[in-house]
Amino acid sequence: MPENKNEIDENDLQKNGFSRRKMIATTMTGLAGALFLNGGGGAFAAVHSSPKNEAHNSFSLKGKAAMVTGAARGIGRAIAVALAEAGADIVAIDIAGVVSPDVIYPAATKEDLDETGRLVKAHQRRFIPIQADTRDIEAMRAAAERTEREFGKIDIVVADAGIQVYASVAEMTDRQWKDVIDTNLTGTANVVRAVVPHMIPRKYGRIILIASGQGRHGMSDGSAYSASKWGVIGFMKSAALELGKYDITVNTVEPGLVDTNMTRNPGRWNEALKEAGKQPESNPKEEDVIAARMPTAVMKIPWMQPEDIAPAVVFLASDAAKRVTGATYDVTAGDSAKYTA
């Protein structure tokens, strides 16, 4: 029995095929291997505090350059302002005009885009407005080239531009289908296709696509919109698989009902009434729509504000989300608890 219980009995070690020398050598070899795999260093604690193992929990976007489409108002504006508040310079892209004659709510204007610029600049960030249609791939390539030329790089891209047209499957015109799919799906793909060649050489990028809760479930008189947003989610997942090796992340955010021009119009309000089993009206009143939605509203609000969506985008654009890709983030005030897909 050793005099000190912490001493190792050499005879016991030898009986089991070990020697003190062999044990020490084995221990040192294991430690050396661990240090090698962790990039070198001294003690165990030092290995775990090395830069390669630090958690990147920074939500700061200081020094980043971001492109945001659909940025003249609504969710796109809220995202652009939130990214600027976190430190990013902003290129704001919007057609700032009529996208389709079948859209029943007012189109964004140049004045709307200018107001986004005022709000971004209030955070002392650089701002470049670009009036362009995301359906035009060459215009998106030109926007990407201008961003890299003036900001030196493209770190973040948020594809938000989209429209909603209300029509049944039986009565929908070819133009209505095409305008929705071309804007919401092809336009989103155009933005990504335009920026990815600028991100791959740098092996860095954050791409966030704005889909919709309606891309996770069906909607009466909204098949084109739901199909386009389902398509955005599928496109995101494919792009994430391809671009991960370049440290480019691709994710979607799916808002629920948000208080924007796309929601605040008779077409969308009547859909809300029908969903609640109420009769549609020629001129639905806001208080009637709120009353119809409240019984099934999980968080007891009829709809969200654009600013409710922006924080999820800031997170996905930050280093805190550097290992998040191929994901869908529902921001729905609880409506997503009812989704089956």
Side-chain angles (χ1 to χ4, degrees), residues 61 63-72 75-84 86-95 113 116 120 125-130 132-162 183-211 232-233 235-244 246-255 309-310 312-319 321-322 324-329:
L61 301 179
K64 303 295 186 184
M67 291 174 57
V68 183
T69 70
I75 295 173
R77 173 190 285 173
I79 289 170
V81 174
L83 293 174
D89 295 319
I90 305 295
V91 170
I93 301 171
D94 202 294
I95 192 171
L113 189 56
T116 300
V120 166
R125 305 316 309 163
R126 291 181 291 173
F127 178 80
I128 298 174
I130 297 177
D133 190 337
T134 59
R135 293 173 292 185
D136 183 347
I137 182 65
E138 293 306 323
M140 293 303 99
R141 286 173 176 148
E145 288 168 4
R146 182 178 175 186
T147 303
E148 185 162 273
R149 184 171 63 252
E150 298 199 28
F151 287 171
K153 57 183 178 175
I154 305 172
D155 296 303
I156 301 159
V157 172
V158 183
D160 171 69
T183 302
N184 298 1
L185 180 55
T186 303
T188 294
N190 285 347
V191 173
V192 176
R193 292 171 58 211
V195 301
V196 161
H198 297 270
M199 290 179 166
I200 287 176
R202 295 181 59 233
K203 292 191 174 181
Y204 183 90
R206 301 283 187 269
I207 299 172
I208 301 103
L209 313 181
I210 307 303
V232 167
I233 295 170
F235 176 78
M236 172 275 294
K237 289 185 177 292
S238 298
L241 289 173
E242 295 179 21
L243 299 173
Y246 303 111
D247 279 345
I248 299 171
T249 64
V250 193
N251 298 284
T252 58
V253 170
E254 291 81 51
I309 312 303
V313 176
V314 173
F315 163 67
L316 291 170
S318 73
D319 282 345
K322 66 179 293 186
V324 179
T325 194
T328 58
Y329 275 68

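Values in this document were obtained by computation on a predicted structure and should not be read as measured data.
- Across all non-hydrogen atoms, the minimal contact from A86 to V314 is CB-CG1, 4.1 Å.
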Carefully, step by step, assess V158 and I210 under the rule side-chain contact (heavy atoms from CB on, under 4.5 Å).
CA-CA 7 Å; V158 183; I210 307 303; 4.1 Å; yes
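- By the 4.0 Å N-to-carboxylate-O rule, K153 lies too far from D89 to be salt-bridged with it.
- Taking the salt bridge (charged side-chain N to carboxylate O under 4.0 Å, His left out) definition, one finds that K237 meets it with nothing, sequence neighbours left out.
- Heavy atoms only, all atoms of each residue included: T69 and A159 are closest at OG1-CA, 3.4 Å.
- The shortest heavy-atom contact between A211 and P255 is O-CD, 3.5 Å.
- For the pair V157/M199, a side-chain contact is recorded, criterion being any heavy-atom separation below 4.5 Å from C-beta on.
- In this structure, the side chains of I207 and L243 come closer than 4.5 Å at one or more pairs of heavy atoms.
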Show, in sequence, the C-alpha distance, side-chain angles and deciding distance for N190 and T134, and conclude whether the side-chain contact (heavy atoms from CB on, under 4.5 Å) test is met.
CA-CA 7 Å; N190 285 347; T134 59; 5.6 Å; no
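- Within the structure, every pair that satisfies the salt bridge (charged side-chain N to carboxylate O under 4.0 Å, His left out) test and touches residues 185-205, not counting sequence neighbours, is listed here: D155-R202.
- With a 4.5 Å cut-off on side-chain heavy atoms, T249 and L316 do not count as touching.
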Trace of the side-chain contact (heavy atoms from CB on, under 4.5 Å) decision for I90 with F127
CA-CA 5 Å; I90 305 295; F127 178 80; 4.2 Å; yes
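- Closest heavy-atom contact between A144 and A194: CB-O, 3.7 Å.
- Under the 3.5 Å distance criterion, the side-chain polar atoms of T116 are matched with a main-chain donor or acceptor of A71.
- Distance check: I79 CD1 to I156 CD1 gives 11.5 Å after rounding to the nearest 0.5 Å.
- Residues satisfying the salt bridge (charged side-chain N to carboxylate O under 4.0 Å, His left out) criterion with D160, sequence neighbours excluded, are absent altogether.
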Please walk me through it: do V232 and L185 pass side-chain contact (heavy atoms from CB on, under 4.5 Å)?
CA-CA 6 Å; V232 167; L185 180 55; 4.2 Å; yes
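- Partners of R77 by salt bridge (charged side-chain N to carboxylate O under 4.0 Å, His left out), not counting sequence neighbours: none found.
- The two residues A240 and T325 make their nearest non-hydrogen contact at CB-OG1, 3.5 Å.
- How far CZ of R135 is from OG1 of T188: 12.0 Å, rounded to the nearest 0.5 Å.
- The salt bridge (charged side-chain N to carboxylate O under 4.0 Å, His left out) check on R141 picks up E138, with sequence neighbours excluded.
- The closest side-chain heavy-atom distance from L83 to L61 is below 4.5 Å.
- Between R146 and V91, the closest side-chain pair of non-hydrogen atoms is not below 4.5 Å.
- Shown here are the side chain to side chain contact (heavy atoms under 4.5 Å, CB included) partners of A143, two or more places apart in sequence or in another chain: M67, I93, I130.
- A donor-acceptor pair under 3.5 Å is absent between the side-chain atoms of D94 and the main chain of L113, judged by distance alone.
- Residue R206 holds its CZ atom at 7.5 Å from OG of S318, rounded to the nearest 0.5 Å.
- The shortest side-chain heavy-atom distance between M236 and T328 falls under the 4.5 Å cut-off.
- The two residues A321 and F315 have their closest heavy-atom pair at CB-O, 3.2 Å.
- Checked by atom type and distance alone, the side chain of T183 never pairs as donor or acceptor with a backbone atom of G162 at under 3.5 Å.
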